[in-house]
Student: 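Next up is a structure, given as structure tokens.
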Amino acid sequence: MSLLEIENVSVFYEDFQALYDLNIKIEEGEIFACIGANGAGKSTMLRTVAGVLFPRQGHILFDGTPIDNMPPHKRVELGISSVPEGRRVFPSLSVHENLLIGGYRNRKGPWTTDAVYELFPLLQPLKKRQASGLSGGEQQALAIGRALMANPRLILMDEVSLGLAPVVIKRIYEAFPILLQNGCTILVVEQDVQHVLTVATHVACFLEGRIALQGVPSDLTTEQITAAYFGV
Ligand code: ATP
């Protein structure tokens with residue numbers, strides 16, 4: 001059984017159809033990367049897995065349990081945690097308080113505030129700092145740390161490197177194997193195709209609400225990926 005199965009899912013924003021009959025299977029221990037041009041439907045897919053949007057057709061199964069009609073907080077309890085687009089953190093709370101809030105569901109697992117500070121040592125000296133004053137990279141590390149505090153089995157990451165300095169992007173990608181070692185499967189949406197392909201175990205290229213190409217990155221040529229990305 002796959003950890004996440006998206007079966008024939010169609011999603012609409014009122015009359016506008018954003019996803020068409022989508023099928024995705026994510027196995028435990030994978031880094032599943034979704035790439036594609038702006039508006040291709042990647043964020044819509046993540047929002048549907050998180051429970052912010054609901055499919056009009058099709059089903060989503062998490063470890064065999066149907067979750068299509070489940071509200072977001074129930075999905076967090078099951079082990080699906082999100083790092084939202086734009087690395088939204090609670091601006092008026094401190095770094096430490098943001099992490100504690102991420103853990104309020106108290107799922108059992110390896111992630112504690114200490115484990116997050118070990119993963120991202122840059123956060124350690126900022127513990128008491130208000131989150132609004134952090135740099136983009138620090139906020140992204142905090143947003144990932146907060147999501148980990150829920151001890152997820154599946155972490156959803158939207159636009160993980162958007163607007164960040166290369167050194168920060170590198171640090172964030174270096175954290176991925178540590179997440180896997182701690183039992184967390186990763187579903188990541190990424191604009192930076194080259195970077196994500198170096199770590200992904202599976203890639204799906206979205207085009208106009210459908211998957212135009214998917215597979216193991218090493219099995220795909222740059223030409224195939226470019227063609228799927230641009231729809232040529
Ligand atoms: P991006 O990188 O720009 O976020 P994406 O691949 O994540 O691209 P989505 O954000 O999922 O794409 O958007 C898919 C389609 O749905 C686009 O045509 C977009 O205009 C539309 N869309 C997204 N959010 C809404 C919304 N709240 N209301 C109406 N249409 C929306």
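Fair warning: this is a prediction, and the values are worked out from it, not measured in the lab. As the structure lists them, so they are numbered: ligands from 1, and atoms in each ligand from 1. We number each residue from 1, following the sequence as shown.
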Student: Can you tell me if CZ on Arg129 sees more than 12 non-hydrogen neighbours from other groups inside 6.0 Å?
Tutor: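 Not more than 12 within 6.0 Å, no.
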Student: Please report the shortest heavy-atom distance between Phe206 and Leu19, naming the atom on each side.
Tutor: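 Looking at all heavy atoms of both residues, the shortest contact is CE2-CD2, 4.1 Å.
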Student: Suppose I only count heavy atoms of Phe16 and a 4.0 Å limit; which atoms of ligand 1 are within that range?
Tutor: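 Selected atoms, number and element: 15 (C), 16 (O), 18 (O), 21 (C).
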Student: Of the side chain and backbone of Met45, name the one, both, or neither that has a heavy atom under 4.0 Å from an atom of ligand 1.
Tutor: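 Neither part.
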Student: Do you know which two heavy atoms are closest between Phe54 and Met70, and how far apart they sit?
Tutor: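 Nearest pair, atom of Phe54 first, then Met70: CE2-O, 3.6 Å.
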Student: Decide whether an N or O pair under 3.5 Å exists between Ala40 and ligand 1.
Tutor: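 Right, the criterion is met.
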Student: Any atoms of ligand 1 less than 4.0 Å from a non-hydrogen atom of Thr44? List them with their elements.
Tutor: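 Going through ligand 1 atom by atom, the ones under 4.0 Å from Thr44 are 9 (P), 11 (O), 13 (O), 14 (C).
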Student: Determine yes or no for a side-chain-to-main-chain donor-acceptor pair under 3.5 angstrom, with Asn98 supplying the side chain and Phe90 the backbone.
Tutor: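 Flag set: sc Asn98 to bb Phe90 pair under 3.5 Å.
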Student: Would you find more than 12 non-hydrogen atoms of other residues, nucleotides or ligands less than 6.0 Å from Glu118 atom CD?
Tutor: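 Counting other residues, nucleotides and ligands, CD of Glu118 stays at 12 neighbours or fewer.
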Student: Is the contact between Ser43 and ligand 1 made by the side chain, the backbone, both, or neither, using heavy atoms and a 4.0 Å cut-off?
Tutor: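 The part of Ser43 near ligand 1 is both the backbone and the side chain.
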Student: Identify the two heavy atoms, one from Arg88 and one from Arg146, that lie closest to each other, and give their separation to 0.1 Å.
Tutor: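 Shortest heavy-atom separation between Arg88 and Arg146 comes out as O-NH2, 2.6 Å.
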Student: Does ligand 1 have any atom that is closer than 4.0 Å to a heavy atom of Gln191?
Tutor: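 It does, in that a heavy atom of Gln191 comes within the 4.0 Å cut-off of ligand 1.
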Student: Is there a heavy atom of Phe206 sitting under 4.0 angstrom from any atom of ligand 1?
Tutor: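 Distance cut 4.0 Å: Phe206 fails for ligand 1.
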Student: So for Glu14, does at least one of its heavy atoms come nearer than 4.0 angstrom to any atom of ligand 1?
Tutor: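 It does not, in that no heavy atom of Glu14 comes within the 4.0 Å cut-off of ligand 1.
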Student: Say whether Gly36 and ligand 1 are in contact under the criterion: heavy-atom distance to a ligand atom below 4.0 Å.
Tutor: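 Gly36: no contact with ligand 1 (<4.0 Å).
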Student: Quick check: closest heavy atoms across Val9 and His59, and the distance to 0.1 Å?
Tutor: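 In terms of heavy atoms, the two residues are closest at CG2-O, 3.4 Å.
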Student: Do any N/O atoms on Gly39 end up under 3.5 angstrom from N/O atoms on ligand 1?
Tutor: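 Yes - when backbone and side-chain N and O of Gly39 are compared with those of ligand 1, one distance drops under 3.5 Å.
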Student: Among all the protein's heavy atoms, is there at least one whose distance to atom 20 (O) of ligand 1 comes out below 4.0 Å?
Tutor: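 Protein heavy atoms within 4.0 Å of atom 20 (O) of ligand 1 - there are none.
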Student: Would you say Cys34 touches ligand 1, if touching means a heavy atom closer than 4.0 Å?
Tutor: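 Cys34 does not count as a contact of ligand 1 under the 4.0 Å cut-off.
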Student: So, taking the atom named CD in Glu5 and the one named CD1 in Ile60, what distance separates them when rounded to the nearest 0.5 Å?
Tutor: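 CD1 of Ile60 is found 11.5 Å from CD of Glu5.
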